[in-house]
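Computed from a predicted model, the values in this text were never measured in an experiment. Atoms considered below: every heavy atom in the structure, side chains included; atoms not considered: hydrogens, waters and symmetry mates.
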Amino acid sequence: MARPLPLILAQAPGRPADDLAGFTADVERRVKLRAPGALVVYPELHLGESAPGIPASPEQGAEPLDGKRDAAFAELAGDLGIWLVPGSVYERGTGGHVHNTAPVYSPRGERLAAYRKICPWRPYETTTPGNRFEVVDLAGVGRIGLSICYDTWFPEISRQLAWMGAELIVNVVRTPTSDRAQEVVLSRANAITNQVFVAGVNAAAPSGIGRSLVVDPQGTVRAETVDAGDTTLTDVIDLDEVGNVRRYGTAGLNRIWDQFRPGDPALELPLYGGRIDPATWNPAHATEEPPR
């Protein structure tokens, strides 16, 4: 039985943090006439500019996670019946720390989770790093994992999300620089090595240079934008394809999650102060609760 998930990826320029009315209208425009129950995703810090193409300072755009912005996002998702990742926002946490945080909202108007960016692009980005991986169950559909922009350069993050049962990794991006070409390659590599879907949503000009894409669990680019313009990238993915690829192998050959078996010796990983243990190598099943 297929598990289809409609995607609406908004390759949009940024807007001021307080422009909630403009954001609401933009979401409604992109969702209009689209499939119900879609996952709608915006770029990193979409609501976080001080001027067109100029990101606000973390202090300028930060507010507590449960502030008025959160209420507006939840209401919007509930009114439209969508799963909503509104990009990331500056979150004012405890102790005066500001995080770059991607929240997720359900069609019932509830915030399901919020992921704090683990790998800010230093020294340019000054937000406080997060310390927790985040996967989210979309009830009746499947499980997604969250990452933000530079996180995609660290394969350990995508691997951990896949191990936690993510079938789709959503990477929200704000890249105006020439290394977007490498990020596109990394999106494909993360999809291949973890046998998951990857959706990378970059900002449009002048905030970013676009090149948003959807990659399937074998690394094939299903859909992509061709330039940096404001556009909506749509697709419908079948999350059952993750299980098919893992069962039969990438290109019908490589079953990476079956390589370590009970009885194999553990492999020490001094870099991490840990190990690959065959007893825990396989990823979580989608029916289980996300590991905490």
Side-chain angles (χ1 to χ4, degrees), residues 10-27 40-77 84-105 110-134 136 146-154 157 170-180 183 200-210 212 228 230:
Q11 182 175 289
R15 61 180 67 243
D18 59 357
D19 187 14
L20 292 172
F23 176 72
T24 296
D26 193 74
V27 175
V40 181
V41 185
Y42 276 74
E44 178 186 22
L45 296 175
H46 175 67
L47 282 163
E49 291 197 342
S50 58
I54 307 298
S57 71
E59 286 297 326
Q60 280 181 293
E63 69 173 53
L65 188 59
D66 58 356
K68 65 176 183 180
R69 188 168 52 198
D70 177 70
F73 291 154
E75 181 179 11
L76 180 60
L84 176 64
V85 181
S88 65
V89 295
Y90 286 129
E91 174 205 353
R92 188 174 304 283
T94 59
H97 295 296
V98 176
H99 305 278
N100 184 349
T101 302
V104 182
Y105 299 86
E110 302 167 328
R111 173 164 36 87
L112 299 177
Y115 165 69
R116 292 171 171 172
K117 187 175 184 179
I118 290 174
C119 294
W121 187 40
R122 291 168 167 167
Y124 179 74
E125 296 176 2
T126 59
T127 52
T128 300
N131 60 5
R132 171 177 164 140
F133 302 95
E134 200 70 50
V136 184
L146 301 173
S147 71
I148 300 176
C149 204
Y150 201 44
D151 287 335
T152 202
W153 288 77
F154 297 83
I157 293 177
V170 175
N171 181 236
V172 298
V173 182
R174 183 191 174 102
T175 296
T177 48
S178 59
D179 58 346
R180 181 59 183 160
E183 290 178 347
V201 189
N202 193 16
S207 309
I209 59 172
S212 301
D230 184 341

- Given side chains that start at C-beta, do those of Asn100 and Arg116 come closer than 4.5 Å, heavy atoms only? no
- Message: Test of understanding: with side-chain contact (heavy atoms from CB on, under 4.5 Å), list the residues that count as partners of Thr126, not counting sequence neighbours.
- Response: Pro58
- Task: Using distance alone, with no hydrogens and no angle criterion, decide if Tyr115 and Asp151 have a side-chain donor and acceptor under 3.5 Å apart.
- Result: yes
- Message: Check this for me: does any side-chain nitrogen of one of Glu63 and Lys68 sit under 4.0 Å from a carboxylate oxygen of the other?
- Response: no
- Are any of the side-chain heavy atoms of Pro86 and Phe23 separated by less than 4.5 Å? yes
- CA sep, side-chain torsions, deciding dist, call: Asn171, Glu183, side-chain contact (heavy atoms from CB on, under 4.5 Å): CA-CA 10 Å; Asn171 181 236; Glu183 290 178 347; over 6 Å; no
Using residues 70-77 as the side-chain source, report each donor-acceptor pair under 3.5 Å to any protein atom, sequence neighbours left out, with the distance given to one decimal.
from  : atom 1 : to     : atom 2 : distance (Å)
Asp70 : OD1    : Tyr105 : OH     : 2.6
Asp70 : OD1    : Arg111 : NE     : 2.7

- Are Arg122 and Tyr150 close enough that some pair of their side-chain heavy atoms sits under 4.5 Å apart? no
- Message: For His97 and His99, take the angle between the two ring planes, folded into 0 to 90°, and tell me which bin it lands in: parallel under 30, tilted 30 to 60, perpendicular over 60.
- Response: tilted
- Note on the structure: Those residues at least two apart in sequence (or on a different chain) that pass side chain to side chain donor-acceptor pair (under 3.5 Å) with Asp230 are Arg30
- Would you call Arg174-Glu49 a salt bridge at under 4.0 Å N-O? yes
- Item | Heavy-atom pair of closest approach, residues Cys119 and Phe154 | SG-CD1, 3.6 Å
- Item | Side chain proximity check, Tyr124 to Thr177, heavy atoms < 4.5 angstrom | no
- Query: Any side-chain heavy-atom pair from Asn202 and Pro43 closer than 4.5 angstrom?
  - Reply: no
